[in-house]
Amino acid sequence: MDIHEAVRLRIFALCDANNITVNKLSTLSGITQSTLNNIVSGRNHSTTISTIKKICDGLEINLIDFFNDDIFKNLEQEIK
């Protein structure tokens, strides 16, 4: 699994844990629906840390909470 897929799956898991939709998360985060939909659909392969920070702010968690998940362990090496 690569980082893009891990971020996508983590967003879905956090939405599920908070009982909200991706569209609700976009409202809470101040991120456009299209941007967040592009991330979770896999069309966006360059999600910035500032976008992830906005997602965290919307969920009232910090970046450590976002990345502190087994999904981010053993990711594929990005440099090839």
Please name the pair of heavy atoms, one in [X] and one in [Y], separated by the smallest distance, quoted to 0.1 Å.
X     : Y     : value
Ala6  : Leu75 : CB-CD2, 3.8 Å
Arg43 : Asn37 : NH2-O, 4.0 Å
Phe72 : Phe66 : CE1-O, 3.4 Å

[X] (side chain) donor-acceptor with [Y] (main chain) under 3.5 angstrom:
X     : Y     : answer
Arg10 : Ile71 : no
Asn68 : Ile64 : no
Ser29 : Ser26 : no

With under 30° as parallel and over 60° as perpendicular, where do the rings of His45 and His4 fit, or are they tilted in between?
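His45 vs His4 ring planes: perpendicular.
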Tell me, please, which residues at least two apart from Lys24 pass side chain to side chain donor-acceptor pair (under 3.5 Å).
none
Pairing residues for [X] by the side-chain contact (heavy atoms from CB on, under 4.5 Å) criterion, not counting sequence neighbours:
X     : result
Phe12 : Arg8, Val22, Val40
Thr47 : Ile39, Asn44, Thr51, Ile52
Thr27 : none
Asp65 : Ile61, Asn62

Is the shortest distance from a Lys or Arg side-chain nitrogen in Asp57 or Lys54 to a carboxylate oxygen in the other one below 4.0 Å?
no
To the nearest 0.5 angstrom, please state how far the [atom1] atom of [X] sits from the [atom2] atom of [Y].
X     : Y     : atom1 : atom2 : value
Gln33 : Asn23 : CD    : CG    : 4.0 Å
Ile31 : Ser50 : CD1   : OG    : 8.5 Å
Leu9  : Leu14 : CG    : CG    : 11.0 Å

Side-chain heavy-atom pair Asn18, Leu25 within 4.5 angstrom cut-off
no
Residues in salt bridge (charged side-chain N to carboxylate O under 4.0 Å, His left out) contact with Asp16, at least two apart in sequence or another chain
none
